[in-house]
Amino acid sequence: MQIQTHILSNIEVFDVGESLEKVIRFFKGHTYSHIAVAEKGRYLGVFNEADLETFEEGKKIEDYRYNLESFFVRKDTNWLDVLEKFARNESNLLPVLGDSEDVLGYYDITDIVSMFIDTPFFTEPGGILIVEKGIKDYSFSEIAQIVESNNTRFIGGFITDIHNDVVQVTIKIGTTNLNEIQQTFRRYNYNIIFGTNDDQFLEDLKQRSDYLDKYLNV
């Protein structure tokens, strides 16, 4: 999935020598959680909107250098890692750096999540299974083989939890032979956590994720 076309180049990058008042005005005029700061064209870090009440308009950005957080992605960072970076930093705006540590622009969380929701995992009709197995014992190739050996299409899957050396995998499959597939997973010593043909599960996944709710509705 190519996400580079979603890099936004029309959002400011502040220089460390500028007045902090400009940053304050930016946050008050936008709903973004973070904004980038550079020094001599090189990325320094981001200000967090949550620190806004501690800022003094008469100061320079330089005076709050210690407030800067340091997170970013590269132009060639894949979309899953971009999503993870958003989630780990509770951000809705993410700087994208070039080879010279310059800020090329930003990713907006709404653009990236919209791309994710438009993938076949969400848009294709099918059934949902959540299976779990020991971290040393599972493999995606085995999971796909189990599904396809029952003459059903494997649409996609991803790891949704790792706990006490047990991996939980959510997969989407074609709508046929769901019961037979579950039985085959059990024969291969997978524990079935969830299994349904009802695509309402996908709607719940979209609507009940606190992270997506928070930033999709900004």
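Each residue takes its place number in the sequence, starting with 1.
The closest side-chain heavy-atom distance from I3 to V82 is below 4.5 Å. Looking at heavy atoms from C-beta onward, I192 lies in side-chain contact with R186 at the 4.5 angstrom threshold. In this structure, the side chains of H6 and W79 stay at 4.5 Å or more apart for every pair of heavy atoms. Between F47 and F14, the closest side-chain pair of non-hydrogen atoms is not below 4.5 Å. A heavy-atom distance below 4.5 Å is not found between the side chains of V73 and D81.
Other residues, nucleotides and ligands contribute over 12 non-hydrogen atoms within 6.0 Å of the CZ atom of F140.
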For residues 95-105, tabulate all N or O donor-acceptor pairs below 3.5 Å that involve a side-chain atom, not counting sequence neighbours.
residue	atom	partner	partner atom	Å
E101	OE1	R74	NH2	3.3
E101	OE2	R74	NH1	3.2
E101	OE2	R74	NH2	3.0

For residues 152-163, which side-chain N or O atoms pair as donor and acceptor with protein atoms under 3.5 Å away, sequence neighbours left out?
residue	atom	partner	partner atom	Å
T152	OG1	N150	O	3.2
T152	OG1	T176	O	3.0
T152	OG1	T176	OG1	3.3
R153	NH2	E124	OE1	3.0
T160	OG1	Q168	O	3.4
T160	OG1	T170	OG1	3.2

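We find the CG-CD1 distance between L68 and I61 to be 8.5 Å, quoted to the nearest 0.5 Å. Atom NZ of K60 sits about 9.5 Å away from atom CG of D15, to the nearest 0.5 Å. To the nearest 0.5 Å, the span separating CG on L178 from CD1 on I128 amounts to 10.0 Å. Here the straight-line distance linking atom CD of E12 with atom CZ of R25 works out to 8.5 Å at 0.5 Å rounding. Considering CG of N191 and CD1 of I130, their distance stands at 11.5 Å, rounded to 0.5 Å. The distance from atom CD1 of I35 to atom CD of E49, rounded to the nearest 0.5 Å, is 11.5 Å.
When every heavy atom of V13 is checked against every heavy atom of A38, the shortest pair comes out as CG1-CB, 4.0 Å. Nearest approach of A36 to Y43, heavy atoms of both residues: CB-CE1, 4.1 Å. F71 and E69 get closest at one heavy-atom pair: CE2-OE1, 3.4 Å. Residues S19 and E57 approach most closely at OG-O, 3.8 Å, considering heavy atoms. Nearest heavy-atom pair, K172 versus P125, reported as atom, atom and distance to 0.1 Å: CE-C, 4.0 Å.
Judged by distance alone, the side chain of Y106 and the main-chain N or O of N10 form no donor-acceptor pair under 3.5 Å. Looking at Q4, its side chain does come within 3.5 Å of a backbone N or O of K75 through a donor-acceptor pair. Side-chain N or O atoms of N92 include none that pairs as donor or acceptor with a backbone N or O of I109 at under 3.5 Å. A distance-only check finds a donor-acceptor pair linking the side chain of Y64 to the backbone of E56 [under 3.5 Å].
Take D137 and apply the side-chain contact (heavy atoms from CB on, under 4.5 Å) test, not counting sequence neighbours, and it matches K133.
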Discussion item. Let's go through V147 and I171 carefully: what are the C-alpha distance in whole Å and the side-chain angles of both, what is the deciding distance for side-chain contact (heavy atoms from CB on, under 4.5 Å) to 0.1 Å, and is it a yes or a no?
Written reply: CA-CA 10 Å; V147 173; I171 63 174; 4.1 Å; yes

Item to complete: Carefully, step by step, assess K85 and Y107 under the rule side-chain contact (heavy atoms from CB on, under 4.5 Å).
Response: CA-CA 11 Å; K85 190 72 72 169; Y107 285 129; over 6 Å; no

Fill in: Y32 vs D108, side-chain contact (heavy atoms from CB on, under 4.5 Å): CA-CA, chis, key distance, verdict
CA-CA 9 Å; Y32 293 123; D108 185 318; 3.5 Å; yes

Discussion item. The test is side-chain contact (heavy atoms from CB on, under 4.5 Å); show your working for E142 and I146 and say whether it passes.
Written reply: CA-CA 6 Å; E142 181 179 67; I146 289 172; 4.1 Å; yes

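In terms of hydrophobic clustering, with Ile, Leu, Val, Met, Phe, Trp and Tyr side chains grouped at heavy-atom distances under 4.5 Å, Y188 and Y138 are assigned to a common cluster. Hydrophobic clustering (ILVMFWY, side-chain heavy atoms < 4.5 Å, transitive): I11 and L52 are in one cluster.
Between F55 and F27, a ring centre-to-centre spacing not shorter than 6.0 Å is recorded.
Checking each of I7, L8, T5 against D111 for a side chain to side chain contact (heavy atoms under 4.5 Å, CB included) leaves exactly one that passes, namely L8.
Here R65 pairs with E39 in a salt bridge; the nearest charged N to carboxylate O distance falls below 4.0 Å.
Between D51 and N48, the side chains place no donor N or O within less than 3.5 Å of an acceptor N or O (distance only, hydrogens not considered).
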